[in-house]
There are 2 protein chains.
Amino acid sequence: MKTPKQTKKNSIQELAKALRLSPATISRVLNNHPHVHTTTRNRVMAFVEKTGYTRNIMASGLRTNRTNAVGLIVPRFSMFMHTEVITTIQSGLHAHGYNLIICQSNDSLDMEKDLARTLYASRVDAVIAACTLSTADFSHFDILTENDIPVLFYDRVPVQPYNACIVKGDDFRGGFIAASHLIQLGCKRISYLSGSLTCNIYIDRYAGFEKAMMQHKMAIRKDWVFYQELTADNARKAMYRLFAKAPFPDAIMAANDVTAIAVLEYAKEVGIKIPEDLRIVGYSNDPRSAIITPSITTIEQFPANIGQVIVTEVLKRLKGDVGSEVLYPEPIIVPVELIRRMST
Amino acid sequence: MKTPKQTKKNSIQELAKALRLSPATISRVLNNHPHVHTTTRNRVMAFVEKTGYTRNIMASGLRTNRTNAVGLIVPRFSMFMHTEVITTIQSGLHAHGYNLIICQSNDSLDMEKDLARTLYASRVDAVIAACTLSTADFSHFDILTENDIPVLFYDRVPVQPYNACIVKGDDFRGGFIAASHLIQLGCKRISYLSGSLTCNIYIDRYAGFEKAMMQHKMAIRKDWVFYQELTADNARKAMYRLFAKAPFPDAIMAANDVTAIAVLEYAKEVGIKIPEDLRIVGYSNDPRSAIITPSITTIEQFPANIGQVIVTEVLKRLKGDVGSEVLYPEPIIVPVELIRRMST
DNA sequence: TTGAAAGCGCTAACAT
DNA sequence: ATGTTAGCGCTTTCAA
């Protein structure tokens with residue numbers, strides 16, 4: 001802004017001309033190639049420093065077929081869990097010189113398809129994705145894998161084998177320990193508010209719940225299990241039905257904290273005492289679950305750990321440490337933990 | 001994955017060869033140039049569809065000097081306000097064919113400098129930034145403006161004139177209406193927990209507070225105003241000092257909700273009744289402020305509106321509707337609103 | 001309406 | 001240790 005409009009080309013050619021060197025030498029310096037004389041290197045570095053030259057990534061990317069960018073697709077990054085994961089991934093990748101291109105599918109399959117394609121057009125070096133609730137067919141990611149762009153899924157991941165790295169929280173165990181916790185507290189009439197069973201996370205959490213119930217020889221009442229979109233509204237409707245006529249449940253297990261919070265608020269409104277009359281367990285340790293009164297027992301998924309694992313895995317693949325020989329790798333499971341609070 | 005490894009080059013040349021056309025014609029079709037025969041266009045489109053050809057953005061970017069990518073720098077995107085703004089920006093830009101490269105400075109000035117440079121290296125078409133608390137000198141953004149890459153600041157913005165578009169919430173008014181609200185409720189002894197006055201948002205909010213106090217001829221007690229990093233810990237320390245000896249304040253105005261929440265929790269712990277003994281106002285309508293008991297009165301900044309304004313402004317600049325003739329544009333101020341809740 | 005050719009800025013053989 | 005040269009895939013004059 002101070003200096004008058006420079007017609008500086010800001011290219012390696014300009015540097016070469018000014019320093020009476022060839023572009024190749026400049027390039028070598030910039031890329032830390034070994035066979036460059038120290039004097040030359042210093043001369044170049046000094047000049048680069050002085051002029052503020054910054055390499056054009058598009059040009060080098062075109063040549064080398066690498067962009068130093070990683071694409072990320074999430075349903076919504078305002079979802080607490082994703083916010084945390086993304087934070088970790090962005091920082092981790094930046095430390096290794098990668099940019100992160102972040103996209104949201106808004107839980108729309110069409111958008112997700114569009115985004116996979118867009119990211120391919122950008123020739124990102126890798127793609128990380130948490131899919132929509134309705135993604136059952138994952139072939140729109142084929143364009144990436146076919147062109148040797150590694151794909152990593154996390155959270156909502158393919159149920160069928162797919163040629164991609166998979167990272168997820170231990171949803172089965174999460175469901176299991178949440179249910180076991182309630183059972184150990186003496187709850188006899190447990191209702192479960194699940195998401196749709198098209199999505200792996202709800203399948204697994206439910207399976208964990210089922211296992212715990214079976215282990216304790218407790219019957220699962222069909223009309224006490226709900227499979228629905230996990231909105232506050234749906235949670236309230238479920239509560240209304242559950243408490244329409246006795247016997248009433250003595251515990252609600254919710255497949256996420258949004259639902260648990262809605263359940264709690266409904267209970268407070270209609271005068272059901274928590275935890276005396278009804279115990280509540282949520283899932284994912286949303287910050288609000290800690291702050292509400294009474295605070296809600298929930299499952300911590302350690303999103304920062306998930307993010308860290310993803311960073312490690314994606315870097316491996318970017319560095320070529322993982323060949324394409326491993327076609328259908330085993331999912332990586334990140335441990336979860338029960339956080340006990342006042343609602344139980 | 002189904003088909004055997006194709007040696008398809010996936011380039012315009014290949015399409016040209018297959019269709020017995022020149023690369024130029026393919027390019028014209030892809031870019032919707034007018035002078036192409038409809039038959040040819042259809043033939044090309046059909047083939048593109050069939051083969052799944054996707055243009056290499058790096059190559060076209062190198063040629064045209066555009067990347068269809070916008071860079072974004074925020075302190076942390078886990079901060080509620082930014083999460084919302086980013087959500088809006090990403091969706092808005094995607095609808096116009098732009099990718100968003102999202103970076104976090106972690107409130108570190110060095111990181112911010114690094115990121116500005118990285119984004120220039122990527123030759124993004126524009127940069128949107130919410131600065132760190134300590135950014136006072138903005139010259140690290142010069143490399144962008146000098147190279148005609150438009151820069152837009154929001155939230156934490158330059159205090160001095162800078163050649164960039166500036167969008168922000170009406171912090172002055174926010175501070176003013178929050179304080180006025182307390183005064184109208186009859187509060188006589190208002191304490192203000194501010195962030196450091198190096199940052200425009202805290203300067204403005206404080207100024208609003210000051211104006212309201214002056215308007216009502218109320219003195220501001222120096223030892224009841226704190227300028228500190230807005231952490232829960234600092235908030236608790238401030239509370240401890242405020243309630244160490246009488247007279248005690250009858251209202252706390254906090255420059256953000258994290259602080260307001262910490263104040264409320266401290267008050268509950270030590271048995272100060274809210275709102276009878278102490279009224280509390282926060283800032284920014286963090287979701288937790290609505291859910292805590294009692295819920296906290298706060299200032300809504302409408303982050304989605306801020307995001308929308310940013311999208312509009314950045315698109316204007318990307319389309320070249322805003323020439324560089326407007327060097328130091330007036331900031332765009334997005335209205336705020338008081339949300340009254342139980343804490344007052 | 002279409003094609004030929006040059007070139008965006010960089011890197012990597014190959015040559016010296 | 002350095003230079004020469006070709007080309008990554010695309011767009012855009014200019015010419016036909």
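Just so it is clear: chains get the letters A, B, ... in the order the sequence lines come, proteins before strands, and each one is counted from 1. What you see below is based on every heavy atom in this structure, not just the backbone, and it leaves out hydrogens, waters and symmetry mates. Since the model is a prediction, treat every value here as computed from it, not as a measurement.
We find that CZ of A/Arg28 is positioned 8 Å from P of D/dG3, with the value rounded to whole Å. Between the CG atom of B/Asn10 and the P atom of D/dC8 there is a distance of 14 Å, rounded to whole Å. The nearest whole Å value for the distance from the NE2 atom in B/His35 to the P atom in C/dT2 is 11 Å. Atom pair A/Lys17:NZ and D/dG3:C1' shows a separation of 16 Å (rounding to whole Å applied). When rounded to the nearest whole Å, the span between CG of A/Leu19 and P of D/dT2 equals 12 Å. One atom, CD1 of A/Ile57, and another, C1' of C/dC8, lie 16 Å apart when rounded to the nearest Å. Between the CZ atom of A/Arg63 and the P atom of D/dC8 there is a distance of 8 Å, rounded to whole Å. Atom P of nucleotide D/dG7 and atom CD1 of B/Ile12 are separated by 19 Å, given to the nearest angstrom.
Distances were taken from every side-chain heavy atom of A/Val36 (C-beta onward) to each of D/dG3, D/dT2, D/dC10; the shortest belongs to D/dT2. Closest approach to the B/Ala24 side chain among D/dT12, C/dC10, D/dC8 is made by D/dT12 (side chain taken as heavy atoms from C-beta onward). Distances were taken from every side-chain heavy atom of A/Arg55 (C-beta onward) to each of C/dC10, D/dC10, C/dA4; the shortest belongs to C/dC10. Here the side chain of B/Thr40 is nearest to one of D/dC10, C/dC10, C/dT2, namely C/dT2.
The shortest distance between the side-chain N/O atoms of B/Thr25 and the OP1/OP2 oxygens of C/dG3 is below 4.0 Å. Not one side-chain nitrogen or oxygen of B/Arg123 sits closer than 4.0 Å to the OP1 or OP2 atom of C/dC8. At least one side-chain nitrogen or oxygen of A/Ser27 sits closer than 4.0 Å to the OP1 or OP2 atom of C/dT11. Regarding contacts with the backbone of C/dC10, every side-chain N or O of A/Thr64 stays at 4.0 angstrom or more from both OP1 and OP2. Contact annotation: A/His37 does not reach the phosphate of D/dA1 (side-chain N/O to OP1 or OP2, under 4.0 Å). Note on A/Asn31: a side-chain N or O is less than 4.0 Å away from OP1 or OP2 of C/dT11. In terms of phosphate contacts, A/Ser22 brings a side-chain nitrogen or oxygen within less than 4.0 Å of OP1 or OP2 of D/dG3.
Classification of the B/Phe138-B/Tyr162 ring pair by plane angle, with boundaries at 30° and 60°, yields tilted.
Using modelled atom types and a 3.5 Å distance limit, the side chains of B/Tyr120 and B/His140 yield no donor-acceptor pair. Side-chain atoms of B/Asp137 and B/Ser139 include a donor-acceptor pair closer than 3.5 Å.
Projected onto DNA chain D by closest heavy-atom contact, A/Pro34 and B/Met58 fall at different nucleotides, the more 5' of which corresponds to A/Pro34.
A 4.5 Å side-chain heavy-atom check between A/Leu318 and A/Val70 finds at least one atom pair inside the cut-off.
Checked against the 6.0 Å centroid threshold, B/His82 and B/Tyr154 count as a close aromatic pair.
When heavy atoms are screened at a 4.0 angstrom cut-off, A/Leu30 is found touching no nucleic acid atom at all. Contact annotation for A/Arg20: backbone-only contact, meaning every heavy-atom pair under 4.0 Å involves sugar-phosphate atoms and none involves a base.
Separating the CD1 atom in A/Ile128 from the CD1 atom in A/Ile89 is a distance of 4.5 Å, to the nearest 0.5 Å.
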